[in-house]
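Note sheet for the following structure.
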There are 2 protein chains.
Amino acid sequence: MGASKTAHFTQKQNEIAALMKALGHPARVAIIDYLLTVDTCICGDIVNELPLAQPTVSQHLKELKNAGLIKGSIEGNAICYCIDEETFSKFQNFLSEVFGKIKVQKNNCC
Amino acid sequence: MGASKTAHFTQKQNEIAALMKALGHPARVAIIDYLLTVDTCICGDIVNELPLAQPTVSQHLKELKNAGLIKGSIEGNAICYCIDEETFSKFQNFLSEVFGKIKVQKNNCC
DNA sequence: TTTTAATATTGCAATATTACGATAAAGATT
DNA sequence: AATCTTTATCGTAATATTGCAATATTAAAA
């Protein structure tokens, strides 16, 4: 098939999977990395930072934007991108839950 | 194309992306969820918990195993699965870094 | 030893993803 | 206005993913 049966899972599971999927490509991890290192918004500089053609980078940026992980605002003929803290916060909350549960697990048999 | 240009990114970026990708499907998130709720290893029970056919579940388990997120040990004619804490720990460390950097970012313009 | 039960593998169809050249769109510059 | 710059979109090829039926594998049970 190739299409995920999203309807059969909880909304939360689908949400988390979507966030994970958005970060499930090294180029998109690299974009986030870069946005973090520059420590501010970036207006038209991302393409030069990545070893990929401009349309490909644009596509990756679109996916990060769709996932809510970054925000973009038009600044003249360039576009400013930055991390969307709110979504990352949501992400972090989920992960805290998961890691919290892992720590409680004591009776491992594997 | 369809193949990621992994060679052009750092090892860390590729590693993180691989972990994220492994969790980038609701079925695999559901499997982790389930392993966490039962609070112990599970021997032969995962297929019944998911709305997917047995070969499909087996495939998802294989991917989680390849990513190092779960461990499986043979227990008679069943197989015990549980969370691999070490990999999750690695995962958590990366995320702490990211979230740490986000908090430092003050001069947001978006 | 035959059967049963649990999991894995194979093969395949449907769909999604990745990447990029060509082109479009839109604001800035001349 | 004509051009340049920056980003987006379209079209398309190559590859990957998802899902399942059929089948294989392996160990327990009868």
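Every chain is numbered from 1, with letters handed out A, B, ... down the list of sequences.
In the set C:dA8, D:dT7, C:dA19, C:dA8 carries the atom at the smallest distance from any side-chain atom of B:Y81. Closest approach to the B:A3 side chain among C:dT9, D:dT7, D:dA16 is made by D:dA16 (side chain taken as heavy atoms from C-beta onward). Of the candidates C:dA19, C:dT7, D:dT7, D:dT7 carries the atom nearest the A:I79 side chain, counting heavy atoms from C-beta on. Taking only side-chain atoms of A:S58, from C-beta outward, the nucleotide of D:dC20, D:dA8, C:dT7 with the closest atom is D:dA8. The side chain of B:H60 lies closest to D:dG19 when the candidates are D:dC20, C:dG21, D:dG19.
Two residues are said to be in side-chain contact when any heavy atoms from C-beta on lie closer than 4.5 Å; B:L95 and A:Q92 fail this criterion.
By the 30° and 60° cut-offs, the orientation of the rings of B:H60 relative to B:H25 is tilted.
Residue A:K21 is in sugar-phosphate contact alone, with no base atom involved, counting any heavy-atom pair closer than 4.0 Å across all strands shown.
Side chain of A:R28 to main chain of A:A22: a donor-acceptor pair is present (N/O by atom type, distance under 3.5 Å, no hydrogens or angles).
Rounded to whole Å, the distance from CD1 on A:I31 to P on C:dA19 is 10 Å. Remark: C1' of C:dT7 and CD of B:E63 are 16 Å apart, rounded to the nearest angstrom. Straight-line distance from the CG atom of B:L50 to the C1' atom of C:dT7: 14 Å, rounded to whole Å. One interatomic measurement links the two molecules: CG of A:L61 to P of C:dA19, which rounds to 13 Å at whole-angstrom precision.
Side-chain contact of A:Q11 with A:E15: a donor-acceptor pair under 3.5 Å is present, judged by distance alone.
If you check distances only, the side chain of B:N77 never reaches the base of D:dT26 with a donor-acceptor pair under 3.5 Å. On a pure distance criterion of 3.5 Å, a polar donor-acceptor pair joins the side chain of A:Q54 and the base of D:dA8.
Of the residues near DNA chain C, A:I74 and A:T56, the one whose nearest nucleotide (by heavy atom distance) lies more toward the 5' end is A:T56.
Remark: B:K62 is in phosphate contact with C:dT9, judged by side-chain N or O atoms under 4.0 Å from OP1 or OP2.
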